[in-house]
Number of protein chains: 4
Amino acid sequence: MCSRTSSRSRTGRPRSAEADAAILDATRAALVELGWSKLTMGDVATRAGVAKTTLYRRWASKNELVVDAVAVLFDELELPDRGSLAADIEGVVRQFAALLERPEAKTALMAVVAESTRDEPLRQRIRASIVERQKRLVLQGRRRAQERGELPPPAPDSGPSSGTDDLIFDVVAGAVVHRALVSAEPVDADWAQRFTALLLGGLAAATQG
Amino acid sequence: MCSRTSSRSRTGRPRSAEADAAILDATRAALVELGWSKLTMGDVATRAGVAKTTLYRRWASKNELVVDAVAVLFDELELPDRGSLAADIEGVVRQFAALLERPEAKTALMAVVAESTRDEPLRQRIRASIVERQKRLVLQGRRRAQERGELPPPAPDSGPSSGTDDLIFDVVAGAVVHRALVSAEPVDADWAQRFTALLLGGLAAATQG
Amino acid sequence: MCSRTSSRSRTGRPRSAEADAAILDATRAALVELGWSKLTMGDVATRAGVAKTTLYRRWASKNELVVDAVAVLFDELELPDRGSLAADIEGVVRQFAALLERPEAKTALMAVVAESTRDEPLRQRIRASIVERQKRLVLQGRRRAQERGELPPPAPDSGPSSGTDDLIFDVVAGAVVHRALVSAEPVDADWAQRFTALLLGGLAAATQG
Amino acid sequence: MCSRTSSRSRTGRPRSAEADAAILDATRAALVELGWSKLTMGDVATRAGVAKTTLYRRWASKNELVVDAVAVLFDELELPDRGSLAADIEGVVRQFAALLERPEAKTALMAVVAESTRDEPLRQRIRASIVERQKRLVLQGRRRAQERGELPPPAPDSGPSSGTDDLIFDVVAGAVVHRALVSAEPVDADWAQRFTALLLGGLAAATQG
DNA sequence: CTATAAGCGAGACGGTACGTCGCGTCTTAAT
DNA sequence: ATTAAGACGCGACGTACCGTCTCGCTTATAG
């Protein structure tokens, strides 16, 4: 976020912590009301009751601001233990889908990813703030399934992550996003179940084969 | 595109067909050079050797223009018969990934989808111009696999499409897009193979179960 | 107006005479409704039920069109014999003032004169169409006063016009226009009387001195 | 000009006074080079080295801007005491005529008056900025002539101005403008002398009668 | 207890792009 | 050849945001 190096001068008026929160709240509110493309920095500043200079002192651009504003939504993602891998997958699918139904997430997520295709620093920020938060769930779910014995134990020389984790992540996140935003169809219980069955079947085949 | 109903007035100077082509070419060139967010209507008009008004007479907004400009890229997608369902899937995955590596597609696709979350007509346009073009390949691949006997024949009372087709489509397209644009990792032969194995395993399990 | 040389080709469809009248009527109507600066060629064409090309075939610019449209108003100016020079002057003053109260004249006259300061051909057109029509009244009034014996007879070697005529013309027309448009005060009977007294007094002094 | 009331907000960056001057200078320069009808706000802004928004923040329209730009020319008008009423009148006539020969005044004056026929606020602005500045000279000249005894002293109950002042003003200003801009003839020493003789004769007759 | 320094709200600033309007020209098919 | 219709290249419009700047003021720590 607005990183202040520790070696920074200690004199002068400190930045207002309330302003930070007000700005992020205002950003989410503006996303809900206006959507990504009609959100303006001036409007956010006005909503937050803050001067434009205050805003620019903290975030260099609309993209970074929105990433930070939306990132906290992804903190809510959790993986409560539902007893089986299938139930866990269905849970995370439904949870992610619920997130994507929130208008601020829906409009912002694809937009910042689109911007990130031509802005590497932004891509890093998205990865750190959003993507890793999601990926964590995949690792956690896999580990839990291995503990339950639903999946074979990890190869002893493998690190904390693996290519299969990446594959699963892209399949799960990609399918849900595509269903929700491109096909614009509901990610309901039925779809989640059918998707989970497909995924588990594939995993089983890969494990056995 | 700029559909002219057949009942349209016959009087007056007809619209230039060359202008249409020049504008779409210019739009793709601008996407490559500038990316979505820095593309301007004025710049496109200049590149196309056309007045701004001519551009606005045909497309109401940047969004619609870009959808039309990018849509033709999806005409190139084909499904040559590679002899097996696995090979066909790998083929379509690689083909779609190749498309997503083109800078004009990469920068435009997510952007217009993001916009479409708040613009239903735009979503319809995307569906008609882009999504259906992709989905066609899924149907074609499934039909071909059924002819080969790799998949059970269609239920006699089912229509040309099914819920499973939709599921497969979201999984394939979503996974490839997510891999390419969000994870920003290459969709290489290895990944395509592993993804195909996962998908086929899931399909087999679903068919047998 | 729209001069057609007599040696003009006789083939092809002849120009519509009705269109000419309709265009000039439409121009005056537009002047009344919109004023000079908001009058547009396209709007005049629409009002006249005529294509823009038809309009441009006859008049090269808005300025010329408006001069022609307004010029006919000045045909109404006459100098009925009221029995004395004073009465004649008052009459012409009131008549000219009445003309300047018509909104189409008010908005157009100063505007075209302003344009004519940088457009010599336009100035000539104004002179021929408008100014000479006014000046005629001065000559006529002077001649009539000389016939009545109110003014000394013309010098035998003088032409039909003189420097004094020009001076009188500028004073009368200038004062009325300034009163009506710049001071924006009514040219009522009282003012006309006081102005006439001033002018006649000056004429008498000049004649005697 | 752009009057700033004393109760104006004290916060925020104050407006640049230099910008005001630069804009008015640029406006006069553009009037000289291009004339009224080809003067554009964008061009003025560029010449002044100022953004278009800065210009619009101060003046709502081209009309008001031009009035302010031209108004300062009328500050130069003075009435040096030449010893007699006749000489004073000739002086003011020549001075006003000299002003009207400046291209920026010539092209702008009639144009804004024409616009003012449909724009009451503009008319007030012209009156305050330009007309009153001219009228002042008439009052001053009359007062001076009364001090000299060339004119009878003012009626004791009359205010600072009178209907006769207005009449004289319309006659002088109107005649000079008409001569210079409509008849487009030079206001030379001879014309000024003949005009002054006419006017003085009329005044004498009015005073005696 | 003052001096220094940064933060802050306000709003003017130089820019860039917008989407619209009017211009005057042109290309149709129909008189 | 002229007409109505309307597309065309062009240029200006007035507005909206951008990101920066200059104000006067506030709120901290350091001397």
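As the structure is a prediction and not an experimental result, all values here were calculated from the model.
- Set against E:dT28, F:dC13, E:dG7, the side chain of A:Arg57 has E:dG7 as its closest nucleotide.
- In this structure, CD1 on A:Ile126 lies 7.5 Å from CG on A:Asn63, to the nearest 0.5 angstrom.
- Atom C1' of nucleotide E:dA5 and atom CZ of A:Arg15 are separated by 14 Å, given to the nearest angstrom.
- A salt bridge is defined here as a Lys NZ or Arg NE, NH1 or NH2 lying under 4.0 Å from an Asp or Glu carboxylate O, and A:Arg28 with A:Glu33 fails to meet this definition.
- Protein atom CZ of A:Arg58 is 15 Å distant from nucleotide atom P of E:dA6, rounded to whole Å.
- The 5' end of DNA chain F is approached more closely, in terms of each residue's nearest nucleotide, by C:Ala19 than by the other of C:Ala19 and D:Tyr56.
- The pair C:Asp43-C:Lys38 does not count as a salt bridge, with every side-chain nitrogen at least 4.0 angstrom from each carboxylate oxygen.
- Between B:Asp119 and B:Arg123, no side-chain nitrogen of the basic residue sits less than 4.0 Å from a carboxylate oxygen of the acidic one, so the salt-bridge criterion is not met.
- Within residues 46-54 of chain C, the residues approaching DNA chain E are C:Lys52, C:Thr53, by heavy-atom distance under 4.0 Å.
- We find the CG-CG distance between B:Leu24 and B:Leu65 to be 6.5 Å, quoted to the nearest 0.5 Å.
- At least one donor-acceptor pair under 3.5 Å links the side chain of D:Lys62 to the backbone N or O of D:Leu39.
- Listed by residue number, D:Thr40, D:Met41, D:Gly42 are the residues of residues 25-43 of chain D with a heavy-atom contact under 4.0 Å to DNA chain F.
- Salt-bridge formation is not detected for the pair D:Glu120/D:Arg125: no Lys NZ or Arg NE/NH1/NH2 atom is positioned less than 4.0 Å from an Asp or Glu carboxylate oxygen.
- Crowding of C:Glu18 atom CD: a count of heavy atoms from other residues, nucleotides or ligands under 6.0 Å not exceeding 12.
- A salt bridge is defined here as a Lys NZ or Arg NE, NH1 or NH2 lying under 4.0 Å from an Asp or Glu carboxylate O, and A:Asp20 with A:Arg15 fails to meet this definition.
- The NZ atom of C:Lys62 sits 13 Å away from the C1' atom of E:dC21 (whole-angstrom rounding).
- Across the protein-nucleic acid pair, D:Leu65 atom CG and F:dG14 atom C1' stand 14 Å apart, rounded to whole Å.
- Side-chain to base pairing of B:Arg13 with E:dC26: one donor and one acceptor N or O lie within less than 3.5 Å of each other.
- Per the geometry, CD1 belonging to A:Ile23 stands 13 Å off P belonging to E:dG7, to the nearest Å.
- Note: CD (D:Glu18) to P (E:dA12) measures 17 Å, nearest angstrom.
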